[in-house]
Amino acid sequence: MDINGKLYRKFLERNAAYEQQNGKDAAKKQHSKGKLTARERIELLFDAGTFDEIDAFTRTAPAESNFGKVVTAYGDGVIIGHGKIKGRTAFIYSQDFNVMGGSLGSVHASKIAKIQDMALKMGAPIIGIIDSGGARIQEGVASLAGYAGIFRRNVFSSGVIPQISVIMGPAAGGAVYSPSITDFVFMTNKTSHMFVTGPNVVKEVLNEDVSFDELGGAEVHMKKSGVANFVYEDEENTLRGVIKLLSYLPSNNMENPPAIEACDTNIEPAPQMLEIVPDDPNKPYDIKEVIRLLVDKDTFFEYAENYAQNIVVGFGRLKGRTIGIIANQPKVLAGTLDINSSTKAARFIRFCDSFNIPILTLEDVPGFLPGIDQEHNGIIRHGAKLLYAYADATVPKVTVILRKSYGGAYCVMNSKNLGGDFNFAWPTAEIAVMGPEGAVSILYRKELIESEDPAKLKKELAKRYREEIANPYVADEKGFIDEVIDPAVTRRKIIYAFEALENKHVTSPSRKHGNIPL
Ligand code: HXC
């Protein structure tokens, strides 16, 4: 080709026009709001020089029926393409707020759908960076139809490829539902907001004043609604978080998670473990100290760390291999299971099971949280989600009972009969239908009423109950526990257990799908 000729010049001019559209002015607008541009975000996420954009020149045709409000910018407000993240292929769409507020019209939607289809076909993760005012108002029903097509693809891809949403600006109206179907939602503090209806509508309909942050800021979604699973202070760190998360995940459901060169092969006993968990069942401690000692050094990556803190959930590595961890947190609400902790853990288990990630359960739970609020809001059906998720999961499942394991919570937390592959207990474990005090109050009610010193009698009975019933040895002798282990050797035990389960294969009955209690 003649590089001074007309054909090549036209090609260069077209590219230059595109560069100008995404140039300094566009960047200035975003930077003034503390945000990066759609392209800068992509550059931070992908390995240098590996990103290739497609459909950069698609445009929305101007049309009178569009209320005179359509801007015919190149790309129609979204960049799509593929590249490598730490050497592995990933697909992306990144919305450009500078084009009609990142709103979703039909061309914009068809680009997202195209990249979703490609990611699914290639078996690679898809990341959506959302900075959008929602359905493009002037395109009417075509925008709504565009969203519906994206949601449908999100659902088809669920459990096949990891789907990650990163909110880096407004996610209004229709823009919230795709993220909530995806596996993980990241938000950047202060500059991102998610709401179905914004503060103006809230004011109009309910006459209530609420700020963007109060209604749908990152903090609200991390701590109260549970919609956001990872929150970072700025966009650079948010994107680093996405890269870190991907390092634990396989590219699709046919692969195992990538095993990194084992950086921590230590399986020596850790006597410090004995000092973390107090013998006294009423004394709290931080379960994260136990987790950190069990997994490879510095590999624990917590999910939703500020939501339902009575359960701790996240990824870690054992000799370089990814595992998912579910652990009761005795430091918060005594580690009881409530609605939020049940749904948080259930969703995480579903993810791990979809993507061949073995599950480790660390148990110290006095039971379900009692109360009118919990019962009326449906702890029965929400707790059932956790039960269902555990029982339905076919990946290797190992449980260690550290201390309390009472009642329904014993059953739920991956007990042997629910499908636990290896169930270990520490000598401090108390496994029973209920705690000693509660148990003797019911069994010996009459005797306690008639007693001259009921407090003394209750104490004696509780001691006897602990010795005879609420200990790990009864369960061990009945085979509900595979082994009572020295806490110091727990890491070695679980590493060997997961190695033994490496080729676990389960055949499930043929069915369209189960009916998880939603
Ligand atoms: C078309 C939109 C738009 C939209 C914003 N813009 N949202 N254009 N459709 N949904 C345009 C604005 O007109 C403006 O254009 C530019 O984007 C920047 O918007 P500003 O309002 O100036 O920016 P800012 O002050 O930062 O506020 C951002 C915002 C606000 C919070 C997102 O624009 C907003 O509230 N938009 C509407 C959000 C909303 O209610 N969406 C729901 C749509 S219904 P100019 O030309 O001035 O630069 C929906 C239902 C789908 O999504 C349901 C599916 C389940």
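The basis for the numbers below is simple: all heavy atoms, side chains too, and nothing from hydrogens, waters or symmetry mates. As the structure lists them, so they are numbered: ligands from 1, and atoms in each ligand from 1.
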Any chance CG of D25 has more than 12 other-residue heavy atoms, nucleotides or ligands included, within less than 6.0 Å?
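Counting neighbours around CG of D25, 12 or fewer heavy atoms of other residues, nucleotides or ligands fall under 6.0 Å, so no.
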Counting only heavy atoms not in R153, do more than 12 fall under 6.0 Å of its CZ?
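It does: R153 CZ has more than 12 such atoms within range.
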For [atom], state which one of [options] supplies the nearest heavy atom.
atom	options	answer
atom 39 (C) of ligand 1	G146, G173, G133	G133
atom 49 (C) of ligand 1	G169, A172, A145, G174	G174
atom 6 (N) of ligand 1	E139, H193, M100	M100

Contact partition for [X] relative to ligand 1, non-hydrogen atoms under 4.0 Å:
X	value
L144	side chain
Q138	side chain
A135	both

Relative to each other, are the rings of [X] and [Y] parallel, tilted or perpendicular (30° and 60° limits)?
X	Y	value
H82	F91	tilted
F51	F46	tilted
Y303	F184	perpendicular
F315	F348	tilted

Among D131, T37, N98, which residue meets the side-chain hydrogen bond (donor to acceptor under 3.5 Å, both in side chains) test with Q30?
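With Q30 as partner, D131, T37, N98 yield a single side-chain hydrogen bond (donor to acceptor under 3.5 Å, both in side chains), made by D131.
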Atoms of ligand 1 less than 4.0 Å from [X] heavy atoms?
X	answer
R136	1 (C), 9 (N)
P170	32 (C)
F151	55 (C)

Would you check whether G101 has a nitrogen or oxygen atom less than 3.5 angstrom from a nitrogen or oxygen atom of ligand 1?
yes
